Each structure stands twice: as structure tokens, then as C-alpha cells.
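The chains referred to below are lettered A, B, ... by the order of the sequence lines, with proteins before strands, and numbering in each begins at 1. Since we're looking at a predicted model, the values are computed, not measured.
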2 protein chains.
Amino acid sequence: MFLVSLIPIRSGTPSGSGPERSDAARNRELLLCAARQLIEECGADGLTMDKLAERAGVGKGTVFRRFGSRAGLMMTLLSDSEAEFQGRFMFGPPPLGPGAPPLERLIAFGAGRIGYVLEYGDLARAADHSVYNRFEVPAAVLWHRHIEYLLREAGLDADPWLMAMSLSATLDPERLLYAVRVQGVSPERLEESWRQLVTRVVRPAE
Amino acid sequence: MFLVSLIPIRSGTPSGSGPERSDAARNRELLLCAARQLIEECGADGLTMDKLAERAGVGKGTVFRRFGSRAGLMMTLLSDSEAEFQGRFMFGPPPLGPGAPPLERLIAFGAGRIGYVLEYGDLARAADHSVYNRFEVPAAVLWHRHIEYLLREAGLDADPWLMAMSLSATLDPERLLYAVRVQGVSPERLEESWRQLVTRVVRPAE
DNA sequence: ATATTATCCGGACCGTAGTCCGTTTAGTAT
DNA sequence: ATACTAAACGGACTACGGTCCGGATAATAT
């Protein structure tokens, strides 16, 4: 029904008109490899498009033709783990996947997302940053729809779209990383607060 | 108790060591005036620091000495309306100000903030953007503390700091503007969803 | 008035994301 | 093998935020 696509993230491969040329494919691999190297050395924030082009031994134009933008590159780097997470919450075992009651799935979704952000946080933040509309990135749309769907299943008697927006906001990488890294909040405390939040949200008003 | 400062926003005036020099004061006025002009003409996003310096007839260095950064300039431009809003929710008449029950104050706070963001949204977004930590801006800290305080007053039996973070997230300018401008959500619908959210949050778990 | 000094000024300079376009090359048809 | 073409390449270029430092200037002391 709302199953859009499991891997909605541009992988750097142009979608239209046949397979890509061999030099293009080779350069894409070179770039992804160089990007992972640089991130290991300098962190995601320290990766610049110039350094990446130089390290990969290609021109700067090639980098942008492959990935469109810095955010596009970051999303490509995240696509594997993102697809894996999407697979787990859509088709995997309960309580994250189908089979468990909606509230439990919501709680598990938050916990899963918190874990994901804490693992790939810098990358996720770099991907969000400076993309014109972070909320229309396919992956973000999918999470939103998933939360909205679970809210409806749980019988929410309020505005599901906006309530899903509020819940998504809570799981924003930038905010979660601030809480953990700057404020020293533990992941367990985050998960518990998320549990409290969604439990209250789905309970009917009076 | 948690009353930090009513006007915690850098006004472009250096805080330390006596009054500013007359040429500095004159240039600050020139710059603020030019900034408002440019925003009227090009919108907040269209304002660049180079154009601003040229329009005001000063060097670029002067712009950055006054305001520190683009975000600092935007905050300075917002400081009057921000101080006015702070005054209303801290000392003004109920239900926004003290005197009303905490839940009603929370509801009014959200409505007030939604109105504020819809009025000064682009400016607020530009101020948030590219400041290293948006969450440590004095105004943001004050809102957070206010929400946290009201949650405690309302007898919240969950993590007040994190719950205040979740509620703040819902009121993020970027998200609210996306909902209204791109998704066509009405301000009334936003307010109603906020009301539903905070009402559920403050109600005790079982 | 003159000298002194702390502050401020200006604009050249840097790093970065993203664009543009003349040149090269991989695939294909003959 | 050769010619052709669409795609890809590369790196100079632009726009922007932000820094730096030698020179100018406002306030103050004498």
C-alpha cells in the first residue's frame, strides 16, 4: 500500500537509459572507496569534495556528476545500512517488524532508530545538512509513513500526519547526538523517554 | 530561579569594557538598516554578507566584527520580537503568562510559538542554520527550560528534560514552515495537534 | 593643539560547495 | 579497423561565509 521502495536512496547510479559506462562505474567505486578512507581519517565533517576528488584521482566535476551534492554522497554511503534498517522494520521479526502490537512496534522503531543514529550519526547529520528539504528525502518520507501507519493501527484519535511529524522530530539525528554527546544523556534514557512519549501519545484523550 | 535574562540575544554591541565608539555605533545602525532593506527586497535567504556590506557602504570585516556571523546578524534582527515574546510567556497575562494552570500555559506557549514562527519564519530559520549548536543559543535554552518547568508543574511523571526536548523539536521553525508552506497544513491544525500532544504527554501513565 | 593608544575599518585573502563547457573516451554501427 | 556519437571527464570558475592584518580614527591625556 504505502510500500514505496526498499532502497529509495540514490546510489550514484543514474536511473535512466541503460547501464552506465565502464569508466563511470570504475570512478564511482574509486570515489566511494576514497570517501570511506577520508571519513576514517578526518571524520564525516572533515571530508571535502576537493579532497575527495584528489584522493580518488578524478576531477571535481566527476564527483558532483556521480552524487549530485555532498548530501547525496553521504546518503549513498548510508544506503546499505539504511536499506538494512528499512528491511528490519518493514519485514523483519517482531517487535520491530510486523506481528507485534502497534505500540510495541513504535517503541521498537524508536529504539532501533536511536541505535542507528548513534552508530552512523555524523554521516546522517552530514546527509541532512544543506539538503534543501530534509523532509522530502525518500528515507525520511518512509519513516514518517511508517510512524503514521503505526499510529493509525494503534487507534490514535488525533491528527496522525502531524503527530508522526512530532515523533519524527524527536528522532532527529542532530537532536539525538546533541543529547548524547553534549548533554551526556545515555541511550537507555533516550529509549525510555521515547517509550513514555509514544505510550502517552497513542492513549486516547479522556 | 531559572530566569536567565530577558534579552539574551547579542545585539551586536560588545558587552565588555565601556561604550562603543561613535563610528562603530553609526555603522551598526547603517548595517541593520541595510539588512532590513535587503531582506525586504530579496528575502532572508537572499541576503548575503557581501551585498550587505556593499549596501551599507562599509567593509566586509566590519559586518563580521559587529555580528560575528550570519546567524548572529539574524538573531540581532530578531531580538526585539524575541524579547517581546519572552516577556509575554514569562511575565504577561494568562494563559500564556503565569496564573493559568500549567497545561493551559503549555498549550498557549505552542500556539504563541507557532504564530511567531509563521511571522518571522525565514529569519528564524536563517538564524538557526549554520550556527554550530542551535540548541545552545540562549533563546532556545530559555524555551526549553520554560517547557521543562511547565511539565514539572503539571506533575509529569517522566523525564522532563528529554520530554521538553521532544516538544521543542515539534516547534522547530524548519519543520513548522515545511508543514505549512509545502504540505499546506493550516496554523489552526498545527495548534490543535500541539494541544493534543501536550495534553497526552502530561497525563500520567496508567 | 599635540601626542598617544585602544579600537575600529577595509578589502584582500582563504576554504568550500557547486557550475560550466571544451575535450576525451567508451560503446556501437559499418 | 574506422568513423561516429552520446556520455563522461576535468579543472577553471563563481558565490558565499568567514579570517586577517596593515592602516585609519575616535577618544583621552598632556
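Using modelled atom types, no side-chain atom of Arg66(B) and backbone atom of Leu32(B) make a donor-acceptor pair closer than 3.5 Å. In this structure, the side chain of Ser193(A) does not engage the main chain of Arg189(A) through any donor-acceptor pair within 3.5 Å. Of the possible donor and acceptor atoms, none in the side chain of His144(A) sits under 3.5 Å from a partner among the backbone N and O of Glu136(A). Of the possible polar contacts, one joining the Trp194(B) side chain to the Leu106(B) backbone as a donor-acceptor pair under 3.5 Å is found.
Backbone-only contact: Arg70(B) has heavy atoms under 4.0 Å from sugar-phosphate atoms and none from a base.
The distance from atom CG of Asp50(B) to atom C1' of dG15(C) is 14 Å, rounded to the nearest whole Å. Atom CG in Leu38(B) sits roughly 12 Å away from atom P in dC16(D) (whole-Å rounding). Rounded to an integer number of Å, the gap from Phe64(B) CZ to dC14(C) C1' is 13 Å. Rounded to an integer number of Å, the gap from Leu52(B) CG to dG17(D) P is 10 Å. The CZ atom of Arg28(A) sits 11 Å away from the P atom of dC9(D) (whole-angstrom rounding). Summarising the geometry, the separation between CZ on Arg65(B) and C1' on dG10(C) is reported as 9 Å, rounded to the nearest angstrom. Atom pair Arg26(A):CZ and dA8(D):C1' shows a separation of 10 Å (rounding to whole Å applied). Taking atom CG on Leu30(B) and atom P on dC9(C), their separation rounds to 10 Å, with Å as the unit.
For dA6(C), the OP1/OP2 oxygens have no side-chain nitrogen or oxygen of Arg21(B) closer than 4.0 Å. Of the side-chain N and O atoms in Asn27(B), none sit less than 4.0 angstrom from OP1 or OP2 of dC8(C). Within the structure, a side-chain polar atom (N or O) of Arg66(B) is placed less than 4.0 Å from OP1 or OP2 of dC9(C). Put simply, Thr62(A) has no side-chain N or O that comes within less than 4.0 Å of OP1 or OP2 on dA8(D).
Closest to the side chain of Met49(B), out of dA17(C), dC9(D), dG17(D), is dG17(D).
With the nearest nucleotide of DNA chain D identified for both Gly61(B) and Asp23(A), Asp23(A) has the one nearer the 5' end. Nearest-nucleotide assignment on DNA chain D puts the 5′-proximal partner with Lys60(B), out of Lys60(B) and Ser22(B).
Salt-bridge annotation for Glu192(A) and Arg195(A): present, with a side-chain N of the basic residue lying under 4.0 Å from a carboxylate O of the acidic one.
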